Amino acid sequence: MTERELLKLEGTIRKKMEDIRAQRVSLKDSGIGGLMNTLKRADEALYEKILPEYKKMVADSNIFK
């Protein structure tokens with residue numbers, strides 16, 4: 001995966017995280033899990049960087065509203 005593709009994937013994940021926080025889309029419907037798995041296979045370091053933010057978002061957000 002090229003550097004450009006990694007940056008685009010990171011941007012997509014961050015955008016989906018913002019949409020989930022703003023409750024524009026549910027966690028399940030966002031498809032963010034598949035994107036996180038793709039990121040883990042492509043760039044483990046970037047995955048480890050985003051994972052704490054992802055976990056915090058899931059724990060803090062009221063995703064069932």
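Model, not experiment: these values are computed from the prediction.
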List the atom pairs, with distances to 0.1 Å, where a side-chain N or O of residues 3-13 and a protein N or O form a donor-acceptor pair under 3.5 Å, not counting sequence neighbours.
residue : atom : partner : partner atom : Å
Glu5    : OE1  : Thr2    : N            : 2.9
Glu5    : OE1  : Thr2    : OG1          : 3.4
Glu10   : OE2  : Arg14   : NE           : 3.2
Glu10   : OE2  : Arg14   : NH2          : 3.2
Thr12   : OG1  : Lys8    : O            : 2.9

What residues, two or more places apart in sequence or in another chain, satisfy side chain to side chain donor-acceptor pair (under 3.5 Å) together with Lys40? none
Can you tell me how far the CD1 atom of Ile50 sits from the NZ atom of Lys55, to the nearest 0.5 Å? 13.5 Å
First locate atom CG of Leu27, then atom CE of Met57, and finally report the distance between them rounded to the nearest 0.5 Å. 5.5 Å
Do any N or O atoms from the side chain of Lys16 and from the backbone of Ser30 form a donor-acceptor pair under 3.5 angstrom? yes
For a 4.5 angstrom cut-off between non-hydrogen side-chain atoms, does Asp43 reach Tyr47? no
Which residues pass the side chain to side chain contact (heavy atoms under 4.5 Å, CB included) test with Asn37, not counting sequence neighbours? Arg41
Is Glu53 paired with Lys56 through a side-chain N to carboxylate O contact shorter than 4.0 Å? no
Minimum heavy-atom separation for Ala42 to Met1, with atom names? CB-SD, 3.6 Å
For the OH atom of Tyr54 and the CE atom of Met36, what is their distance to the nearest 0.5 Å? 6.5 Å
